[in-house]
Amino acid sequence: MGITKADTVKLISAEGFEFVIHKEAAMISNTLKNMLSSSGGFQETELGEVRFPEISTPILEKLCQFFYYKLRYTNSAAVKNVPEFKIEPEIAIELLMASNFLDC
Amino acid sequence: MGLACSRRRSPGEDDVISEFDDCGGAPLMRKRSLQLTPLPAPFDRPAQPGATLQELSIRAICKSLADSPLSLAPLPRDLTQRILDELVSTRSLKRGMLKAFKGCCLQDVHMASYPGVEDEWLEFLDHGDCSCTCSLDLSHCREISDNALVYIQRAKNLESLLLNGCLRLTDLGLCNITGFDKLTHLSLQGCDYITAIGMRCFAGLTSLEVLDLEMCSRLHGGFRYLTKLTRLHTLNLGWCSSVEDYDVMSLQGMTGLTDLRISRTKVTDIGVNHLKDLKLKKLFMAGCPISDASMEVVCSMPSLENLSVEWCSVTDAGFRRANELSNLESLNLSYSRIGDKTLKSIKGLPKLRTLNLDSCHVSNEGCRHLAALAELREIDLSDSPVGNAGLRHLTALKKLEAILSFFKAYPPRRSFVITLILSETPANAFALKKLETILLSYTGVTDSGLKALAPMTSLTSLNLDSRHISDVGLSHLTTLTGLRALDLFGAKISDQGAAMLKSFKQLESLELCGGGITDLGVRHLKELTKMKSLNLSQNSRLTDDSLKSISHLSGLQSLNLMHSKITNDGIPHLKSLQSLTSLALYNCNISPIVVEKLQSNHLPRLTVIGLE
């Protein structure tokens with residue numbers, strides 16, 4: 001299945017690292033959902049990219065992993081075998097702040 | 001019926017009772033329940049696809065706090081609060097972890113009933129950041145003693161301090177409760193070492209609005225320290241057995257008081273007379289040695305909204321002027337000596353919503369007056385001589401939601417009157433169609449009588465614990481799809497009846513203990529996915545196959561399988577019930593080892609009773 005640019009969004013970390021993910025996944029974050037929905041009127045909607053000068057690359061990567069984890073297992077029929085979403089203790093505090101900001 | 005302790009009342013029932021009940025008393029005796037407080041989940045819980053990343057991160061932080069010290073200071077205030085609350089609610093907080101909160105601003109420190117909390121835990125209040133703390137709850141932390149108050153004293157901005165059941169606190173410790181300019185709420189229920197001397201500290205708490213000293217039995221003489229507390233509006237002295245008329249005299253100038261509870265104190269008519277100038281809205285005097293003279297005083301308090309004279313020797317003579325209590329919303333006259341004349345006196349009360357006449361000598365004829373109480377929502381006529389003829393008057397009350405009429409004397413003398421009315425003239429059912437709760441336990445109501453309930457689709461809770469009810473009766477009720485609680489404890493229900501239970505998709509609580517259910521019947525219950533509490537005790541034919549069916553009820557919190565034929569081999573089926581916290585297995589021949597394995601590997605929150 002081909003991926004068109006309209007289906008994706010680019011998330012850019014503090015260090016300038018770019019993550020291209022499906023909009024559907026990004027919408028797991030309520031903050032991103034607001035930004036990307038047409039009614040939001042954010043510049044991000046047109047550019048299809050969002051910069052996070054406060055979020056480091058490993059944290060943003062973890063966030064992206066979570067979006068896809070959530071997409072995969074929410075409302076999934078095989079709820080019983082959901083694997084744990086592992087969070088390394090070293091990043092837990094930073095991740096909490098980022099997820100608080102992104103509302104997810 | 002036996003083994004009454006295995007029973008759980010539906011939550012709805014208890015709610016109704018608490019409306020009537022000011023502070024315990026008779027309704028407590030009606031409870032036939034043994035409720036185990038479930039332990040919250042420890043942090044090693046299974047993956048939950050519904051959890052947010054914030055929740056998962058908080059859990060990860062809580063877990064790492066157990067292994068290594070880290071500082072939470074960079075986090076904003078609301079997040080550190082959530083971490084503390086998570087640690088407390090999962091019972092994983094340890095004293096050492098509190099260091100991590102150094103530099104954090106914790107507004108609410110709620111550790112009520114937390115096991116193992118000692119005075120030294122509160123050292124963290126010494127970090128200079130405790131000025132943020134505005135609410136501290138250490139109720140029922142049994143190890144807390146006077147030293148704790150030395151630490152607490154540093155949290156100068158406290159607005160609420162709850163130390164209920166901290167039984168070791170003494171007057172000496174209370175000396176430290178000074179300088180709290182913002183403290184509005186102080187609760188010391190059951191701190192029985194506190195005396196009049198310790199009460200001196202209250203004099204300085206000038207912002208105090210609520211003071212709860214229930215069950216402190218040595219307070220006599222200390223109430224003069226309260227007289228300057230002009231903002232105090234709520235004072236609970238219930239069960240303070242040394243409180244007497246002299247003490248109430250100290251309260252007479254406290255015109256800000258609106259809520260006063262002196263149930264089970266020694267206050268007499270003399271004391272009540274001291275209260276006459278107060279603008280009280282709530283007055284609870286259950287069990288006080290007062291007479292009609294007190295009621296004369298009370299009847300001239302037009303501000304009263306809620307009055308209880310339960311267990312008081314007051315008669316109709318005292319209530320002659322009750323019609324002047326035009327703001328009264330709730331009146332508890334249970335176990336008093338009033339009769340029909342009082343009903344006549346109160347018939348014009350425009351706001352009365354709840355009325356408790358439990359064990360009062362009111363008659364059918366007297367109930368005629370009740371028909372004028374247009375706002376009445378709830379009435380308790382338990383153990384009164386009121387029968388069908390009297391209850392017919394109540395059908396005029398369009399707002400009535402609950403009629404309680406327990407016949408506590410056993411064996412039952414009469415059938416449950418409400419149902420008789422309904423079955424005689426079904427049209428009356430519509431007058432009562434807002435009723436949510438009906439209790440028909442221990443009554444002579446029969447299967448055909450239940451037809452009358454079919455149109456009452458607003459029912460959410462129904463108690464049919466009666467040997468006269470069978471599958472046939474149940475078949476009349478399949479219209480009641482909103483039922484959340486159904487008690488068929490002693491009813492003669494078979495597997496056929498169990499199949500009909502499928503209509504009740506909202507069912508959260510079910511008692512089915514008549515002995516007629518087999519594994520086949522339990523299979524029908526699989527579809528009741530909202531079930532939280534299931535009692536299948538006394539069904540001696542149930543085997544491990546039932547456990548397999550029950551394992552589909554993923555929200556189940558409480559399960560009773562006493563006197564069934566389940567075996568050790570069936571127990572592992574329960575492992576999928578992640579919410580299960582209470583399991584009763586009396587007389588089931590289950591090995592403790594099997595249960596321990598279930599608890600340690602899958603259900604750490606589970607409490608099991610009845611193992612040999």
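So you know, we letter chains A, B, ... as the sequences are listed, proteins then strands, and number each from 1. Predicted model only: the values in this text are computed from it and were never measured. When reading the values below, keep in mind they use all heavy atoms of this one structure, side chains included, and skip hydrogens, waters and symmetry mates.
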How far does CD1 of B:Ile58 sit from OG of A:Ser99, to the nearest 0.5 angstrom? 7.5 Å
Does atom NZ of B:Lys575 have more than 12 heavy-atom neighbours, drawn from other residues, nucleotides or ligands, at distances under 6.0 Å? no
Is any side-chain heavy atom of A:Asp103 less than 4.5 Å from a side-chain heavy atom of B:Gln54? yes
For B:Thr80, which atoms come within 4.5 Å of any heavy atom of chain A: side chain, backbone, both, or neither? neither
Rounded distance (nearest 0.5 Å) linking atom OG1 of B:Thr52 with atom CG of A:Leu102: 12.0 Å
Closest non-hydrogen atom pair, B:Ser57 against A:Ala92: CB-O, 3.9 Å
Heavy-atom neighbours of A:Glu24 CD exceed 12 at 6.0 Å: no
Answer whether the closest heavy-atom distance between the side chains of A:Ile87 and B:Leu53 falls below 4.5 Å. yes
Between atom CD of A:Glu90 and atom OG of B:Ser68, what is the distance when rounded to the nearest 0.5 Å? 9.0 Å
Flag side-chain contact, heavy atom, 4.5 Å: A:Met97 against B:Pro76: yes
Sort B:Leu70 into side chain, backbone, both or neither according to what part of it lies under 4.5 angstrom from a heavy atom of chain A. side chain
Student check: side-chain heavy atoms of A:Ile93 and B:Leu79 closer than 4.5 Å: no
B:Lys505: what forms a salt bridge (charged side-chain N to carboxylate O under 4.0 Å, His left out) with it, not counting sequence neighbours? B:Glu527
Quick one: CG on A:Asn100 to CG on B:Leu75, what's the gap to the nearest 0.5 Å? 9.0 Å
Crowded around A:Glu15 CD? As in, over 12 foreign heavy atoms under 6.0 Å? yes
Heavy atoms of other groups near A:Phe17 CZ, more than 12 under 6.0 Å: no
